[in-house]
Amino acid sequence: MKAHDGLYIDGAWRPAGSTDVIEVVNPADEQVIARIPAAGALDVDTAVRAARAALPGWAATPPAERAARLAALRDVLVARKGEIAETVTAELGSPPQFSQAVHAAVPIAVAGSYAELAATHSFEERVGNSTVLQEPVGVVAAITPWNYPLHQIVAKVAPALAAGCTVVLKPAEDTPLTAQLFAEAVHEADVPAGVFNLVTGLGPVAGQALAEHPGVDLVSFTGSTAVGRQIGAVAGAAVKRVALELGGKSANVILPSADLAKAVNVGVANVMSNSGQTCSAWTRMLVHRDRYDEAVELARTAAAKYADRIGPLVNAKQRTRVRGYIEQGIAEGARLVAGGPESPREKGYFVSPTVFADVSPEMTIAQEEIFGPVLSILPYGDEDDALRIANGTVYGLAGAVWAGDEAEAVAFARRMDTGQVDINGGRFNPLAPFGGYKQSGVGRELGAHGLIEYLQTKSLQF
Ligand code: NAP
Ligand code: MG
């Protein structure tokens, strides 16, 4: 696609008031591939006003018609799937096959699910002598990260539109071209002017102005816990609704009865996919001490297979950060069994698939989110020990449990302080609620639970 030199506000591409520019870089070869506007506070204000003006009309639009627009949006995403994958590869660096199979395909499934939910959800229910109406919350500020650039956008915008809310989106500065493509798709789907608006820009400028804007009723943020904390504080002070999808440090718990080779291979693939830039990645593998050496050897072999196929990290800053964690792991006494801090290639922000053994639960690499292709393998003694380690971080976003028998895995999963657990390699479900326990966040995305986030209730008594 060709980059736009404007912002998508009130149904058209308009020049930004701010003259600041974002250079979009291809992380595989470090070349600048586009220059796009970095919005200022005045641009954000214009976009919020457009969303406010469009709100009464869209909120009053029958759900069936909102569903029809979302179905049209899904169809445009299907028609432009190849272009979406190419754009994500160009600005995020993910390998083309992964861009097709995940970055382009998952948002199509999610947009489709909200077309259906908008049509079938009952926005009214009878409770005794009351009728309870579910009404849109209002103007939504959506602030998204770069790691799954289109998925993160669709997981907010689709339920917001289904609920009858209007939206201003501030996407990540590293992946604005995917967001521009999404705005084109919304336009092609004949969503009325002002219902969806795009302001590309920097977090501390456009993002902050949007989160603080008094014309915004709900801030839905996905990103780091540090920024999420600030956004939660700003929303709290203004008594605004807020949804936060933050970081994770998820555990992959391999119980002694599990198929070890399968659990390790799937676990390594889970961490290496998207170059480890997945908030729900199972970055801590927990293995019983009797099978520990065998698991480490399996993981070393599995990680080596990713050396040639892994994509780069998104930018130089993330690469520096990830290398710093690898160096810290070595310094704290963990045993490096694959990869390491050296750059595997001359150009591009690459980091080698890295595996650490002999990691203890209190080490930095076992506590903090690295957001790169780095796996830590920790030994445990018995199930209570495994549970203590699994639950022993400030996060609680995801996890996995493997056991010979499903019921045994489920019994363990029930005791985990985390928002989602894959049992013996269970598949991603776009209708299942996604979100965090503890400091991994507030609120849920996807499916009916994700829709409810954008609704507020009004009770009529008879
Ligand atoms: P980030 O720096 O927090 O950025 C997320 C978004 O917030 C970006 O659009 C960013 O703009 C914007 N932003 C930054 N500072 C802001 C401020 N002061 N006010 C308002 N907005 C601001 O996170 P990131 O580095 O892009 O992404 C990596 C992190 O996101 C990881 O910790 C990861 O776990 C988390 N994440 C969580 C989930 C989940 O669902 N739980 C999903 C994906 C990622 P800029 O792009 O200009 O910085
Ligand atoms: Mg950032």
Side-chain angles (χ1 to χ4, degrees), residues 20-25 36-39 41 44 91-92 103 106 110 141-156 168-179 198-213 216 219-235 242-250 274-283 313-322 325 368-372 393-398 418-420 428 433-446 450 453:
D20 293 345
V21 163
I22 292 173
E23 290 194 330
V24 186
V25 173
I36 55 113
V44 168
E91 63 183 358
L92 178 67
H103 289 296
V106 173
V110 173
I143 301 178
T144 55
W146 43 262
N147 63 335
Y148 289 87
L150 187 59
H151 170 67
Q152 308 288 6
I153 290 171
V154 172
K156 297 187 189 309
V168 177
L169 167 67
K170 203 305 278 178
E173 67 188 80
D174 289 301
T175 53
L177 301 180
T178 305
L198 170 68
V199 286
T200 48
L202 305 183
V205 183
Q208 193 168 331
L210 182 58
E212 288 175 350
H213 199 292
V216 165
V219 185
S220 179
F221 169 85
T222 299
S224 61
T225 298
V227 176
R229 214 185 292 281
Q230 285 176 37
I231 290 194
V234 166
V242 66
L244 305 171
E245 298 285 346
L246 308 176
K249 190 73 190 177
S250 298
N274 213 38
S275 304
Q277 303 166 122
T278 303
C279 49
S280 55
W282 315 326
T283 50
L313 298 189
V314 70
N315 58 36
K317 194 175 149 206
Q318 285 297 118
R319 184 182 54 185
T320 303
R321 192 179 125 92
V322 171
Y325 275 114
E368 295 184 14
E369 182 176 58
I370 298 174
F371 233 56
T393 76
V394 296
Y395 295 115
L397 188 55
T418 192
Q420 45 266 308
F428 173 72
F434 182 95
Y437 278 32
K438 301 193 284 184
Q439 288 184 33
S440 286
V442 174
R444 292 292 179 270
E445 292 194 315
L446 305 181
E453 295 278 333

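Order of appearance sets the numbers: ligands from 1, and atoms from 1 within every ligand.
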When you measure from the side chain of [X] to the backbone of [Y], do you find a donor-acceptor pair of N or O atoms at a distance under 3.5 Å?
{"X": "Ser440", "Y": "Gly247", "answer": "yes"}
{"X": "Glu91", "Y": "Thr178", "answer": "yes"}
{"X": "Glu369", "Y": "Gly248", "answer": "yes"}
{"X": "Lys156", "Y": "Leu169", "answer": "no"}
{"X": "Glu445", "Y": "Pro433", "answer": "no"}
{"X": "Thr200", "Y": "Pro37", "answer": "yes"}
{"X": "Thr418", "Y": "Ala398", "answer": "yes"}
{"X": "Lys170", "Y": "Val199", "answer": "no"}
{"X": "Ser275", "Y": "Gln277", "answer": "no"}

If we only count N/O pairs under 3.5 Å, is [X] in contact with ligand 1?
{"X": "Ser224", "result": "yes"}
{"X": "Glu173", "result": "yes"}
{"X": "Gly223", "result": "yes"}
{"X": "Gly203", "result": "yes"}
{"X": "Leu246", "result": "yes"}
{"X": "Trp146", "result": "yes"}
{"X": "Lys170", "result": "yes"}
{"X": "Glu369", "result": "yes"}
{"X": "Thr144", "result": "yes"}

By number and element, which atoms of ligand 1 are closer than 4.0 Å to a non-hydrogen atom of [X]?
{"X": "Leu202", "result": "47 (O)"}
{"X": "Leu397", "result": "41 (N)"}
{"X": "Ile143", "result": "6 (C), 7 (O), 9 (O), 12 (C), 21 (N)"}
{"X": "Ile231", "result": "20 (C)"}
{"X": "Ala172", "result": "9 (O), 46 (O)"}
{"X": "Glu245", "result": "37 (C), 38 (C), 39 (C), 40 (O), 41 (N)"}
{"X": "Gln230", "result": "18 (N)"}
{"X": "Gln208", "result": "18 (N), 19 (N), 20 (C)"}

Run through Val242, Leu246, Thr144 and flag the one making a side-chain contact (heavy atoms from CB on, under 4.5 Å) with Phe221.
->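 The residue from Val242, Leu246, Thr144 that satisfies side-chain contact (heavy atoms from CB on, under 4.5 Å) with Phe221 turns out to be Leu246.
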
With a heavy-atom distance limit of 4.0 Å, tell me whether [X] approaches ligand 1 through its side chain, its backbone, both, or neither.
{"X": "Ala211", "result": "neither"}
{"X": "Gln277", "result": "neither"}
{"X": "Val227", "result": "side chain"}
{"X": "Glu445", "result": "neither"}
{"X": "Pro171", "result": "backbone"}

Does ligand 1 have any atom that is closer than 4.0 Å to a heavy atom of Tyr148?
->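 The answer is no: ligand 1 sits nowhere under 4.0 Å from a heavy atom of Tyr148.
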
Please confirm whether Asp174 comes under 4.0 Å of ligand 1, counting heavy atoms of the residue only.
->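 Outside the 4.0 Å threshold, so no.
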
Any Val216 side-chain heavy atom under 4.5 Å of Leu210 side chain =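 Contact flag for Val216/Leu210 side chains = yes.
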
Answer yes or no: is there a side-chain heavy-atom contact under 4.5 Å between Leu313 and Val322?
->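 Yes, at least one pair of side-chain atoms sits under 4.5 Å.
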
Quick one: sort the Tyr148 and His103 rings into parallel, tilted or perpendicular, breaks at 30° and 60°.
->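 Tilted.
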
Closest contact, heavy atoms only, Leu92 versus Trp146 =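 Nearest heavy atoms, Leu92 then Trp146: CD1-O, 3.4 Å.
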
So does Glu453 pair up with Arg444, basic N to acidic O under 4.0 Å?
->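 Salt bridge flag = no for Arg444 with Glu453.
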
Can you figure out which of Cys279, Ala155, Gly436, Pro145 has its heavy atom closest to atom 39 (C) of ligand 1?
->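 Ranked by closest heavy atom to atom 39 (C) of ligand 1, first place is Cys279.
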
